[in-house]
Student: 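Handing you this structure, nothing more for now.
Throughout, residue positions are numbered sequentially from 1 according to the sequence presented.
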Amino acid sequence: MRGKIIACSIGNCVHVAGVVNFLRLAEEMGYESVFLGPAVSIEKLIEKVKKERPKFVGVSYRLTPSALYPLLEELKKGIEREGFKDIKWLFGGTEPTAEVARKANIFYKVFDIEGMDKVINFLKGKAELELKKSYGRNLIERIEGKYPYPVLRHHFGLPSLEETIRGIEEIAESEVLDIISLAPDQNAQQYFFRQEKMDNKLDGAGGVPVRCEKDFINIYKAAQRGNYPLIRCYSGTSDLLKMAELIRKTLKNAWCAVPLCWYNELDGRGDRKLLDSIRENQKVMKWHGERNIPVEVNESHHWSLRDAHDTLGVVMAFLAAYNAKKAGVKTYIAQYMFNVPPAISPKMDLAKMLAKIELIESLEDDNFKTLRQARAGLAKFSPDLNLAKGQLAASAGLAMAIKPHIYHVVGYCEAHHAATPKEVIESCKIVRGVIEGYISGYPNIISDEEVISRKNWLIKEAKYTLEFIKENFKEYRDPWSSPEVIAKCIKLGILDAPHLKGNPAACGKLETRIVNGRLEAYDMETGKVLSEEERLDKIWNYAEKVSA
């Protein structure tokens with residue numbers, strides 16, 4: 001046990017929800033807690049403290065600030081009279097009552113608008129470090145310092161370098177965000193090392209126009225204030241290893257995000273050939289694995305964004321993690337993008353994520369650990385900003401069911417315009433409010449029978465596809481990590497998506513439809529949902545006929 005905490009509201013204040021939540025968290029952190037109840041008199045409180053001799057005493061008051069003055073005067077006299085020198089006193093209340101409490105010079109710590117993550121840090125014994133602004137200087141330290149409260153990530157990059165730097169300073173000083181995910185413009189992502197190929201009319205399109213090493217250094221310096229948020233950056237769509245070295249050197253890149261099959265001729269975000277890009281992406285994973293840098297393979301949702309059926313999303317989630325492990329990655333960040341496609345039902349969405357989690361985390365061992373990162377799908381958001389705020393909150397609430405280590409906040413305004421610093425901060429506060437509500441205790445929706453049934457079905461179907469690949473490409477040592485096999489599977493349609501129609505590197509013949517809130521492979525001729533066995537038999541029979 002860390003010690004004993006007793007807490008109550010005092011005077012005539014009957015509001016104790018915050019007190020109860022605080023004590024519940026304290027118990028989870030290893031403290032013994034004693035709740036004295038609402039509207040406790042100062043005399044009774046002093047008597048209880050004498051009897052219990054706790055390490056901390058929590059006092060709450062949320063009514064009129066002027067009525068708090070005499071209560072705290074009485075409390076101060078009682079503390080001095082009894083000589084409670086070894087006991088630390090805490091206060092929680094509204095901003096106005098907290099201001100009164102600070103002036104009383106009684107309290108070791110005063111909580112008002114602090115987020116729950118700061119309360120957790122305090123309970124974990126980190127209050128002594130607060131004046132030094134000691135924050136985790138890498139992702140693992142940040143997560144360990146806050147969990148079960150997830151660290152927050154938000155991407156940011158404005159069309160002006162100067163505005164981006166000022167914005168990062170403002171975001172850092174707000175202390176609402178743990179990781180700023182830098183978004184370079186498309187010119188930088190594709191041509192940073194070949195700037196003669198840039199079309200300068202497109203500068204600032206899609207992010208910040210970083211053009212030299214000093215730009216990255218100045219961006220990093222801008223974040224060295226407030227809560228010192230970590231910085232991470234997109235991997236680029238060409239010259240990936242060069243970019244990895246640059247952003248590691250200048251930004252101390254918090255983690256690498258790289259696809260397995262994308263940023264090439266498949267999606268038009270680069271001029272790499274599919275097979276070459278798979279090989280290069282695997283090399284990028286290996287490079288980061290050798291340096292013990294966490295890696296996120298942002299693969300699965302790229303297929304789902306192109307209307308690939310739910311089973312294929314699960315297959316690709318597994319293959320992405322499998323390839324990362326094969327490349328020597330030690331800490332793997334699995335991104336779970338909810339609301340893709342927008343019409344998927346919340347239950348079926350959650351089932352899909354749980355299926356991904358079960359398969360991905362089956363790969364864990366002493367040398368391969370996974371972290372869960374959840375986010376909302378932008379396509380779900382309305383350009384009506386008030387509606388979008390509600391959609392952001394609803395998606396975050398659903399995502400909390402998977403207990404993420406990282407929550408990737410998508411700015412509520414992103415369907416309308418790129419987020420300004422003010423909107424980044426506001427979006428983070430919306431999500432923080434949702435998270436704090438869920439951490440205090442919500443029903444366990446992952447035990448819903450429909451969710452469990454769908455999860456098990458998706459796992460069964462995904463395993464069929466994975467075994468199909470392994471069985472039909474036996475001539476390769478490890479088909480699941482073979483660039484040649486993966487490229488062939490995309491060309492044949494084993495791995496496919498409707499939006500790839502007409503793409504020379506893909507099949508593009510897959511048809512999918514939303515059926516009962518699920519995105520399914522669909523046979524247009526029969527009007528029926530296809531199992532993976534039925535879908536893959538058709539593909540393989542056709543391939544054999546063509547080869548014959």
Student: Looking at Leu246, Leu182, Ile217, which hits side chain to side chain contact (heavy atoms under 4.5 Å, CB included) with Leu251?
Tutor: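 Of the listed residues Leu246, Leu182, Ile217, the side chain to side chain contact (heavy atoms under 4.5 Å, CB included) partner of Leu251 is Leu182.
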Student: Just by distance, with hydrogens left out, do Tyr407 and Gln373 show a side-chain donor and acceptor under 3.5 Å apart?
Tutor: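 The criterion, which ignores hydrogens and geometry beyond distance, is not satisfied for Gln373 and Tyr407.
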Student: Do Thr370 and Glu364 get their side chains close enough for a donor-acceptor pair, meaning under 3.5 Å?
Tutor: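 Result is yes, a qualifying pair exists.
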Student: Cationic tip of Lys242 within the cone over Phe193's six-membered ring, i.e. under 6.0 Å and within 45° of the normal?
Tutor: yes
Student: Would you say the ring centroid of Phe468 lies under 6.0 angstrom from that of Phe473?
Tutor: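 So the answer is no for these two rings.
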Student: Ignoring hydrogens and geometry beyond distance, is a side-chain donor-acceptor pair present between Ser453 and Glu450 at under 3.5 Å?
Tutor: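 No.
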Student: Under a 3.5 Å cutoff, is there a donor and acceptor pairing between the side chains of Asp199 and Asn187?
Tutor: no
Student: Counting N and O atoms only, with roles assigned by atom type, does the side chain of Asn227 sit under 3.5 Å from a partner on the main chain of Leu177, one being a donor and the other an acceptor?
Tutor: yes
Student: Return yes if a side-chain donor-acceptor contact under 3.5 Å exists between Arg272 and Asn281, otherwise no.
Tutor: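 There is such a pair (donor and acceptor under 3.5 Å, judged by atom type) between the side chains of Arg272 and Asn281.
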Student: Considering only residues two or more places apart or on different chains, which pairs with a residue in residues 316-336 satisfy salt bridge (Lys or Arg N to Asp or Glu O under 4.0 Å)?
Tutor: Lys325-Asp365, Lys326-Asp478
Student: From the options Arg375, Arg372, Arg153, select the one residue that forms a salt bridge (Lys or Arg N to Asp or Glu O under 4.0 Å) with Glu296.
Tutor: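 Checked Arg375, Arg372, Arg153 against Glu296; only one passes salt bridge (Lys or Arg N to Asp or Glu O under 4.0 Å): Arg153.
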Student: Do Tyr228 and Arg137 have side-chain heavy atoms sitting under 4.5 Å apart?
Tutor: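 Yes, at least one pair of side-chain atoms sits under 4.5 Å.
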Student: May I ask you to establish whether Arg306 and Trp262 are in a cation-pi arrangement, using a distance under 6.0 Å from NZ or CZ to the six-membered ring centre and at most 45° from the ring axis?
Tutor: yes
Student: Between Trp457 and Glu461, is any side-chain donor less than 3.5 angstrom from a side-chain acceptor?
Tutor: no
Student: Between Glu532 and Arg535, is there a side-chain N and carboxylate O pair less than 4.0 Å apart?
Tutor: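 Here Glu532 pairs with Arg535 in a salt bridge, since their nearest N and O are under 4.0 Å apart.
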Student: Between Lys352 and Asp310, does any NZ, NE, NH1 or NH2 come within less than 4.0 Å of an OD or OE carboxylate oxygen?
Tutor: yes
Student: Quick one, Leu158 and Val208 - any side-chain contact, counting heavy atoms below 4.5 Å?
Tutor: no
Student: Taking all non-hydrogen atoms of both residues, which atom of Ile247 and which atom of Phe216 are closest, and how far apart?
Tutor: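 Looking at all heavy atoms of both residues, the shortest contact is CG2-CE2, 4.0 Å.
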Student: Under 3.5 Å, is there a donor-acceptor pair linking the side chains of Lys380 and Ser395?
Tutor: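 Distance-only check fails for Lys380 and Ser395.
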